[in-house]
Amino acid sequence: MERTRIAVAGASGLIGSALVRSLTADGHEVVRLVRHAPRSEAEVRWDPERGRVDAAGLAGCSAVVNLAGAGVGDHRWTDAYKRRIHDSRVHGTAALAKAVASLDERPRVFVNGSAMGYYGETGERVVDESAPAGRGFLPELCVEWEAAAEPARAAGVRTAFTRTGLVVARGGGAWGRLFPLFLAGLGGRMGDGRQYWSYIALHDEVAAIRHLLDRDDLSGPFNLTAPDPLTNREITAAMGRVLRRPTVFAVPAPVLRRVLGEMARDVLGSARVVPKRLLESGFTFAFPGIEDALRAA
């Protein structure tokens with residue numbers, strides 16, 4: 001990809017900050033969308049919950065990447081927090097898509113976040129991008145989230161969605177909480193451990209997003225997950241091997257439900273999601289196995 005100007009929403013998050021580092025290291029000019037008054041030309045003001053964005057600040061950008069959204073696992077899912085999760089994604093995406101569509105010279109690509117939660121509970125069934133949406137809060141959110149990008153697509157901007165799995169990284173996300181527990185010897189399976197967890201190394205997540213930015217022939221949904229999902233029990237064992245710690249402290253399902261509330265359904269649920277379209281496009285994973293991903297983290 002030639003050096004260019006790229007706007008990133010969610011630039012301070014786990015994935016966004018890693019993406020920004022990767023882009024700037026290769027000489028790209030990154031414009032960050034921020035909630036405060038811009039402090040330089042490298043910042044653009046927006047308010048995702050209220051659906052506002054300074055469209056003029058996106059002028060000259062060849063690509064817009066939207067990774068913004070309130071953390072799904074940051075708080076218990078009260079009605080108020082579910083509304084925040086929803087609005088930060090759906091309203092923010094709609095605002096960006098409309099801003100992109102309004103420009104005289106539009107970006108050539110809009111990469112918008114999504115999640116493997118689109119598919120809901122899959123059990124042992126392997127699902128790729130052709131599978132329908134599941135049922136429940138997260139699947140319904142993902143459907144609405146992706147639909148909110150329609151103004152950009154309708155305006156002729158190539159639009160791709162990243163249905164991301166559990167990102168293996170020490171700095172945040174699910175593994176940001178798991179690593180300290182396992183390092184302390186307090187790790188173990190969750191529930192019966194039979195549920196599938198579809199994961200991806202942070203390095204591969206960023207590389208996949210850049211792959212979607214670079215390839216003018218790629219649009220629509222892409223599962224950003226490693227090729228071979230594993231069960232929670234298998235991942236727990238791998239954590240023990242890599243970190244050289246015991247993994248005997250299993251967390252019973254009733255305890256998770258009591259502590260996490262509605263969110264426990266997704267922790268205990270099974271998502272056996274594979275990156276069919278990504279692989280078909282020629283993408284190569286640097287850390288496809290769980291032990292590779294854990295060591296990289």
Is there a donor-acceptor contact under 3.5 Å linking the side chains of [X] and [Y]?
{"X": "Asn223", "Y": "Tyr119", "answer": "yes"}
{"X": "Glu234", "Y": "Thr231", "answer": "yes"}
{"X": "Glu205", "Y": "Thr164", "answer": "yes"}
{"X": "Ser198", "Y": "Thr225", "answer": "no"}

Using a 3.5 Å distance criterion without hydrogens, assess whether the side chain of [X] forms a donor-acceptor pair with backbone atoms of [Y].
{"X": "Arg163", "Y": "Gly165", "answer": "no"}
{"X": "Asp128", "Y": "Lys276", "answer": "no"}
{"X": "His91", "Y": "Arg50", "answer": "no"}
{"X": "Asn66", "Y": "Ala68", "answer": "yes"}
{"X": "Thr93", "Y": "Val90", "answer": "no"}
{"X": "Arg158", "Y": "Arg215", "answer": "yes"}
{"X": "Arg108", "Y": "Leu213", "answer": "yes"}

Taking the side chain as everything from C-beta on, heavy atoms only, tell me whether [X] gets closer than 4.5 Å to [Y].
{"X": "Pro139", "Y": "Tyr118", "result": "no"}
{"X": "Thr24", "Y": "Glu29", "result": "no"}
{"X": "Leu178", "Y": "Met190", "result": "yes"}
{"X": "Leu202", "Y": "Phe287", "result": "no"}
{"X": "Leu278", "Y": "His211", "result": "yes"}
{"X": "Pro48", "Y": "Asp87", "result": "no"}
{"X": "Asn232", "Y": "Gln195", "result": "yes"}
{"X": "Val206", "Y": "Ser22", "result": "yes"}

Sort out for me which residue in Arg35, Arg89, His86 forms a side chain to side chain donor-acceptor pair (under 3.5 Å) with Glu49.
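That would be Arg35.
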Kindly say whether the aromatic ring centers of Phe283 and Phe285 come within a distance under 6.0 Å.
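For Phe283 and Phe285, the ring centres are under 6.0 Å apart.
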Return the minimal non-hydrogen interatomic distance between [X] and [Y], and the atom names on each side.
{"X": "Ala11", "Y": "Arg32", "value": "CB-CG, 3.7 Å"}
{"X": "Glu146", "Y": "Ser114", "value": "OE2-OG, 2.7 Å"}
{"X": "Ala155", "Y": "Arg106", "value": "O-NH1, 3.4 Å"}
{"X": "Ser270", "Y": "Tyr196", "value": "OG-N, 2.9 Å"}
{"X": "Val157", "Y": "Pro107", "value": "CG1-O, 3.5 Å"}
{"X": "Ala293", "Y": "Val168", "value": "O-CG1, 3.7 Å"}

For the CZ atom on Arg170, are there more than 12 heavy atoms of other groups (residues, nucleotides or ligands in this structure) within a distance under 6.0 Å?
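No, not enclosed.
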Does a sphere of radius 6.0 Å around CG in Asp104 hold more than 12 heavy atoms from other residues, nucleotides or ligands, not counting ones at 6.0 Å or beyond?
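Open: at most 12 neighbouring heavy atoms sit under 6.0 Å from CG of Asp104.
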Any chance you could measure [X], atom [atom1], to [Y], atom [atom2], to the nearest 0.5 Å?
{"X": "Ile235", "Y": "Arg233", "atom1": "CD1", "atom2": "CZ", "value": "12.5 Å"}
{"X": "Leu96", "Y": "Phe110", "atom1": "CG", "atom2": "CZ", "value": "5.0 Å"}
{"X": "Asp47", "Y": "Asp54", "atom1": "CG", "atom2": "CG", "value": "12.5 Å"}
{"X": "Met116", "Y": "Thr122", "atom1": "CE", "atom2": "OG1", "value": "9.0 Å"}
{"X": "Tyr199", "Y": "Leu166", "atom1": "OH", "atom2": "CG", "value": "11.0 Å"}
{"X": "Thr162", "Y": "Leu67", "atom1": "OG1", "atom2": "CG", "value": "6.0 Å"}

Applying a strict under-4.5 Å side-chain criterion to I, L, V, M, F, W and Y, I'd like to know whether [X] and [Y] cluster together.
{"X": "Val31", "Y": "Ile209", "answer": "no"}
{"X": "Leu33", "Y": "Trp145", "answer": "no"}
{"X": "Val64", "Y": "Val20", "answer": "no"}
{"X": "Val53", "Y": "Ile6", "answer": "no"}
{"X": "Val274", "Y": "Ile200", "answer": "no"}

Please report the C-alpha distance between Glu280 and Arg277 in whole Å, then the side-chain angles of each, then the deciding distance to 0.1 Å, and finally whether the salt bridge (charged side-chain N to carboxylate O under 4.0 Å, His left out) criterion is met.
CA-CA 5 Å; Glu280 288 177 344; Arg277 296 195 66 212; 5.7 Å; no
Carefully, step by step, assess Trp175 and Val167 under the rule side-chain contact (heavy atoms from CB on, under 4.5 Å).
CA-CA 7 Å; Trp175 257 274; Val167 179; over 6 Å; no
Relative to Phe182, does Arg245 satisfy both conditions: NZ or CZ under 6.0 angstrom from the six-membered ring centre, and within 45 degrees of the ring's axis?
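Ring-cation test returns no.
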Would you call Glu291 and Arg241 a salt bridge, using N to O less than 4.0 angstrom?
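Yes, this pair counts.
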Between Arg210 and Asp26, is there a salt bridge with N-O shorter than 4.0 Å?
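Result for this pair is yes, salt bridge flagged.
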I'd like to know whether Arg125 forms a side-chain contact (heavy atoms from CB on, under 4.5 Å) with Arg272, so could you lay out the CA-CA distance, the side-chain angles of the two residues, the decisive distance to 0.1 Å, and finally the verdict.
CA-CA 6 Å; Arg125 177 171 53 95; Arg272 197 174 183 181; over 6 Å; no
When you look at Ser219 and Thr159, which way does the side-chain contact (heavy atoms from CB on, under 4.5 Å) test go after all the steps?
CA-CA 5 Å; Ser219 62; Thr159 302; 5.8 Å; no
side-chain contact (heavy atoms from CB on, under 4.5 Å) for Trp197 and Ile290? Distances and angles first, verdict last.
CA-CA 11 Å; Trp197 279 17; Ile290 188 60; over 6 Å; no
